[in-house]
Amino acid sequence: MIISRNSALIVQACLESFVHALRSSAVTVDIPTQSATVLVVDDSPTNLQVLCDVLTKTGYRVAISKSGESALQRIQSFQPDIILLDVMMPGMDGFETCQRLKADLSTCDIPVIFITALSESSHMVKGLSLGAVDYITKPIQQEEALARIQVHLQLHRCQMHFRRMAYEDYLTHLPNRAQLYEQLSSVLHRVRLSGESGALLLIDLDHFKTINDALGHDVGDEVLRAIARRLTQVAAEQAFIARLGGDEFVVLMTAPAKQAAESAALEMAEKILEKLASPIFVGERTFNVGASIGAVVFAEDGLAERDVMRHVDLSLYHAKRLGRGMIQFYHPSLQTAAINRLRLEEGLRRAIANNELELYFQPQVDTAGQMIGAEVLLRWHHPELGNIPP
C-alpha cells in the first residue's frame, strides 16, 4: 500500500517527537515493546552487528537472516513483530522477498521496513507499493532507526486492535461475518488457482429461540458461548470457524479434490451434530440444543462469495424442512425448487385479483349414506400451471 499524505504526516510527527526524546539526555524513554521480536534480513555482517547491538540494548528480541530465501524459510517457524529488510541482496532481493511475504496470508500483516542506500524516489515508491511501511537509509542512524521501528510497532498494534474489533464476534470471540467473507474470498481464489476444493457448513441451532424467549438473552448468550467452545473443540484444527450472527455458525474447509471435500464435510457435519447433541449446562439448568446443517462443496467453478453463501443457505432451509438434526448438501435441484416455490408464492398473491380461486363444496356422508354436512374447499386454477394441488 502507498502511505497517504495524512498518514505520512502522522508518522513523521511521531518520528520527530520520538527522536527528540532519544537525543535528550534529560529524558529516559521507556520502550513498551520490549517483548517484540525484530527480524533483521541483511547480507552485510556490519549492518547486522550494528542493528543487533542497538536493538538488543534497547530491549528487543532479535533474529537475523542473511538472505531473502533464509528469511522466508525461518519465518515459517516463528512470527516476528516487525521485519527490517535490506533491499540489495544477492539472489532474492528485498523487493521480491517483501512481495512474497505480502502474498502469504500468514505473513502479510507483518510490518516491513526497508534498509537501503538507494535514494531515488522510484525505489521508495516501488517498496511502498509492494507493502512496506517505511525506509531506513544507510548509513544507519541509530536514533532514527529506533524511532521508526517504535512508531510502526505501535501503529501495527493499533491496527491489529481495530482489526480484532472489526473482525471478531464480541460474544464468542470467534471470527465474525466480515472475517468469514474475507476468508471465503481467499479460499475461493486459492481454489481457482490450485485446483483444490472447498466446503462450507452452515449450522443453525434447533430450539434456541425458545431458550431466548423463555429465559432471556443472558442465558441464551451463555448457550452460544458453549456452542462456540464445542465447535472449536471439534473443528479448530481442520477448519475455519465463525459466528455468522444470531444462532448461526459456519465452518469453512479445504481439501485436495471435490470428492475428498464432500467426504470431509460430511464427516465434520456428523461430528458437529454428535457434539451438539450432548446436554449444555448453564448454572443449574440443562439444555438440549441440537442443530441442522446445510453444506456446499465448491471447486474451480467461478463461484463468488455471495453464490456460495446463497447455496449453503438454501441447503440449510431444506435441512430444516426435513426435520431437526439433519444434514443437507447443496444440489442445483434445490435452486430450481426454490425458484418454483417463489413463483407460486408470487402467483398466489395475485390470485384473488386475477379471479383464479374457486370454491368447491364437498359433501360429508355418514355410514348410512346420508349427507350430514359439507366442507368448503378453496382451489387455485393457475393460468399457466393449471390446477395447483393443496
Next item on the list: Would you confirm whether the ring centroid of Phe281 sits within less than 6.0 angstrom of the ring centroid of Phe287?
Entry: no
Margin query: Quick one about Ser106 and Asp104 (side-chain donor to acceptor, distance below 3.5 Å, no hydrogens or angles considered), yes or no?
Written below: yes
Check: Do Leu146 and Leu55 touch side chain to side chain, with heavy atoms closer than 4.5 Å?
Finding: yes
Check: Under 4.0 Å between a Lys/Arg side-chain N and an Asp/Glu carboxylate O for Arg310 and Asp307?
Finding: yes
Check: Ion pair present between Arg349 and Glu346, side-chain N to carboxylate O less than 4.0 angstrom?
Finding: no
Check: Any side-chain donor paired with an acceptor under 3.5 Å for Glu168 and His173?
Finding: yes
Check: Does any N or O in the side chain of Thr37 come within less than 3.5 Å of the main-chain N or O of Asp81, such that one atom is a donor and the other an acceptor?
Finding: no
Note to self: Would the distance check show the side chain of Asn354 and the main-chain N or O of Glu356 forming a donor-acceptor pair, the cut-off being under 3.5 Å?
What the structure shows: no
Notebook entry, point to check: Is the His311 ring parallel, tilted or perpendicular to the Tyr330 ring (thresholds 30°, 60°)?
Noted result: parallel
Next item on the list: Please tell me if the side chains of Asn176 and Tyr167 come closer than 4.5 Å, counting only heavy atoms from C-beta onward.
Entry: yes
Checklist line | Side-chain donor-acceptor pair present, Asp213, Thr210, cut-off under 3.5 Å | finding: no
Note to self: Any non-hydrogen side-chain atom of Lys320 less than 4.5 Å from a side-chain atom of Asp206?
What the structure shows: yes
Margin query: Is it true that Glu358 and Tyr360 share a donor-acceptor pair across their side chains at a distance under 3.5 Å?
Written below: yes
Checklist line | Test item: Leu180 and Phe240 side chains (from C-beta on) under 4.5 Å apart, heavy atoms | finding: yes
Notebook entry, point to check: Quick check: are there more than 12 heavy atoms from other residues, nucleotides or ligands sitting under 6.0 Å from CZ of Arg285?
Noted result: no
Next item on the list: Output the distance between atom CG (Leu205) and atom CD (Glu248), rounded to the nearest 0.5 Å.
Entry: 9.0 Å
Note to self: Tell me whether Arg177 is salt-bridged to Asp169, with the criterion being a basic N under 4.0 Å from an acidic carboxylate O.
What the structure shows: no
Next item on the list: Before accepting this row, confirm whether a basic side-chain N of the pair Glu262/Lys258 lies closer than 4.0 Å to the acidic partner's carboxylate O.
Entry: no
